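Please read the structure below before turning to the comments.
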Amino acid sequence: MTGRREEPRLFNRLRVLRAERGLSRQDLAAALDINYQTVGYLERGDYNPSLHLAFQIAEYFELPIEAIFSREPFGPMSDQLYGQEAGRRSG
Amino acid sequence: MNLRSMLMSHSPLDGASRRTRRLVVAFALLGFPALLAAWFGLGPVLAEWAWVLVVATLVVCLLVADYVLWSFRNSMAQAPDDQLDEREVAVRDRAYLESYRVFTGFTALAVLLAAVAPDVLDRPIEYTFETAQPVFWAVLHYALVLPSAFVAWREPDIDPS
């Protein structure tokens, strides 16, 4: 007998994006028309959003979907930003 | 705000810890057999007023437990799709699937026991209004409370951050 199928973990930057914009969970939940507890589930990675909700989130933050969700853990944003900056300068 | 949303929008369990919720779930599920035991078993043992007091207390406590479970987090276990978000719909559907499995399992076991009981006890079982009543109330109670119980048992505590 096989065990319960494990859903693959989806990593996201929701908490950082929400903090950057000074939004509470309630604010984001109201904008996305979801329960504020669901925002917590999403941020903790306890719940993987549907494709529809993921696109809705991307549209709300005006970012490409891959900037918010990833199958690999995100590194710190500063590393990515300054890493690219340093790469451009040296290139 | 209509009457349903007024009654169902807040449950005393909404902000309760998972431990407290699990205690209420355990009471709602185990309280019914306890009520039956008190109803049928304590009559000859206790004075009539004491028996009425015990049975009435258990009935009221069970009704309260059922209500707070039923109304838990906007009646998540009963609400239609358009009142829930996608995670809540998934939680509700999973609760119904598990309730169905548990309910059918116990019902099948009860039917099997009822079928073999006359042979085991070596006497026929009389199916009267009095014997049918607990079965009716058990089916009604568990069919109504099981999905809510699964949701209340499983939902984590509210994260305040």
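On a predicted model such as this, the values are computed, not experimentally measured, just so you know. A, B, ... follow the sequence lines: proteins, then strands. Residue 1 opens every chain.
- Top candidate by heavy-atom pairs under 4.5 Å with chain B, chosen from A/L32, A/I34, A/T38, A/D46, is A/T38.
- If you chain together hydrophobic residues whose side chains sit under 4.5 Å apart, B/V55 and B/L140 fall into the same group.
- By the rule that hydrophobic residues join a cluster once side-chain heavy atoms approach within less than 4.5 Å of another member, B/V59 and B/V68 end up as members of one cluster.
- For the pair A/S50 and B/E86, the tightest heavy-atom approach, listed with the atom from each and the gap, is OG-OE1, 2.6 Å.
- Within the 3.5 Å criterion, the main-chain N or O of A/N35 finds no donor-acceptor partner in the side chain of B/E88.
- Between B/M76 atom CE and A/Q37 atom CD the span is 6.5 Å, to the nearest 0.5 Å.
- Linking ILVMFWY residues whenever their side-chain heavy atoms come closer than 4.5 Å, directly or via other members, leaves B/Y96 and B/V89 in distinct clusters.
- Residue B/V139 is grouped with residue B/F150 when hydrophobic side chains (ILVMFWY) are merged at heavy-atom distances under 4.5 angstrom, including chains of intermediate members.
- Here the CZ-OH distance, from B/R87 to A/Y47, works out to 8.5 Å after rounding to the nearest 0.5 Å.
- Cluster annotation: B/V145 and B/F136 are assigned to the same hydrophobic cluster (Ile/Leu/Val/Met/Phe/Trp/Tyr, side-chain heavy-atom contacts under 4.5 Å, transitive).
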